[in-house]
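Everything below concerns the one structure shown next.
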Amino acid sequence: MNIAENLINVQNQITKIAQNCERNPNSIKLLAVSKFHSKDEILQTVKAGQFLYGENRVQEATQKFLEIINQFPNVNLHIIGQLQSNKVKNAVQIASCIESVDSLKLLEKIEHQCSLIDKKMEVLFEYHTAEDSKSGFTTENELFFVLEKYLKKQFPHIIVKGFMTMAPFTNDEKLIRNSFSTLRNLLEKSNKEFSLNLQELSMGMSNDYKIAIEEGSTIVRIGTSIFGQRNY
Ligand SMILES: *Cc1c(COP(=O)(O)O)cnc(C)c1O
């Protein structure tokens, strides 16, 4: 199996799906999810022109990406997994975006650590749209509460870019689509209610990115279709 070829296949798929639903393919970013895959495998994709990556564990991300980013400064890393408080310090050093913000406390920690190193951090608010996911804000009110604090300029080092979600693990296309449209509606509602212009919808993985793009995804997070099965 050739990872660089897989990458090109996925890129072509994204273009085709976007065109079929009359979206501009350039409005969809491919986040290559490299968790459990080696630095060598990641470098194969960097050399094939992939510059945006996602990892869900900070320690693993640091081990692999410190050197990669040193060597290729245009590589950007998003943290996409649940982030524990004691990992925030290392996370803000390595990441350009934290997609898994799901509490006020976590946002405060990120703000604090970023202020210490004077770094601005992009974040997405993760929203719980599926029964079997454990992470994410579980109610609209909770999310709005934190968004309001952000709008009162309590987080000078944070830039909220949009929302992220995980669809349920199911073959039921309707349930998956419902999860993605819930997130899109929430973004539209937030923009309206708070006069915002949030753009990013991080949704869609190897098995469901077609549906996600049809429902407005701007970031698809794809691991298996690029790197193959993970050996946990
Ligand atoms: C692992 C992971 C992905 C990628 O999943 P694949 O099915 O391998 O494409 C996407 N998003 C999150 C949050 C993940 O943890």
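Just follow the structure's listing: the first ligand is 1, and inside any ligand the first atom is 1. Quick note: numbers below take in every heavy atom, side chains included, and nothing from hydrogens, waters or symmetry partners.
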Interatomic distance, Arg57 atom CZ to Leu83 atom CG [nearest 0.5 angstrom]: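 Going from the CZ atom of Arg57 to the CG atom of Leu83 covers 13.0 Å.
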
Test item, Asn207 contacting ligand 1 (heavy atom, 4.0 angstrom):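 So Asn207 does not count as touching ligand 1.
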
For atom 10 (C) of ligand 1, what is the closest protein heavy atom, and at what distance to 0.1 Å?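 Its nearest protein heavy-atom neighbour is Met205 SD, 3.4 Å.
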
Identity and separation of the nearest protein heavy atom to atom 2 (C) of ligand 1: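 Among all protein heavy atoms, the one nearest atom 2 (C) of ligand 1 is Lys35 NZ, 2.5 Å.
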
Could you tell me which atoms of ligand 1, counted from 1 in the order shown, lie closer than 4.0 angstrom to a heavy atom of [X]?
{"X": "Arg221", "answer": "4 (C), 9 (O), 10 (C), 11 (N), 12 (C), 13 (C)"}
{"X": "Asn56", "answer": "15 (O)"}
{"X": "Ile222", "answer": "9 (O)"}
{"X": "Met166", "answer": "13 (C)"}
{"X": "Ile80", "answer": "11 (N), 12 (C), 13 (C), 14 (C)"}
{"X": "Gly223", "answer": "4 (C), 6 (P), 8 (O), 9 (O)"}

Flag the pair [X] and [Y] as a salt bridge only when some basic side-chain nitrogen lies within less than 4.0 angstrom of an acidic carboxylate oxygen.
{"X": "Glu214", "Y": "Arg23", "answer": "no"}
{"X": "Glu215", "Y": "Arg184", "answer": "yes"}
{"X": "Glu188", "Y": "Lys192", "answer": "no"}

Nearest option to atom 9 (O) of ligand 1, as decided by whichever heavy atom of Gly204, Ser206, Gly81 sits closest: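 Selected option, by shortest heavy-atom distance: Ser206.
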
Treating His112 as the side-chain partner and Cys114 as the backbone partner, does any N or O pair qualify as donor plus acceptor under 3.5 Å?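 Judged by distance alone, no pair lies under 3.5 Å.
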
Heavy-atom donor-acceptor pair, Arg230 side chain to Lys35 backbone, under 3.5 Å: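 No.
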
Can you name the nearest heavy-atom pair linking Thr218 to Glu200, along with the distance?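 Closest approach of Thr218 to Glu200: OG1-OE1, 2.5 Å.
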
Side chain, backbone, both or neither: which part of Thr224 comes within less than 4.0 Å of ligand 1 when only heavy atoms are counted?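 For Thr224, the contact with ligand 1 is made by both the backbone and the side chain.
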
Counting only heavy atoms, which portion of Glu99 has something under 4.0 Å from ligand 1: side chain, backbone, both, or neither?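 None of Glu99 does.
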
Hey, quick one: are Val123 and Leu31 part of the same hydrophobic cluster, counting side-chain heavy atoms closer than 4.5 Å, chains of contacts allowed?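 No, no single cluster joins them.
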
Where does the angle between the aromatic ring planes of Phe125 and Phe163 fall among parallel (under 30°), tilted (30 to 60°) and perpendicular (over 60°)?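 Aromatic pair Phe125/Phe163 classed parallel.
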
Geometric N/O contact Ser225 with ligand 1, under 3.5 angstrom: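 No, Ser225 has no N/O under 3.5 Å of an N/O on ligand 1.
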
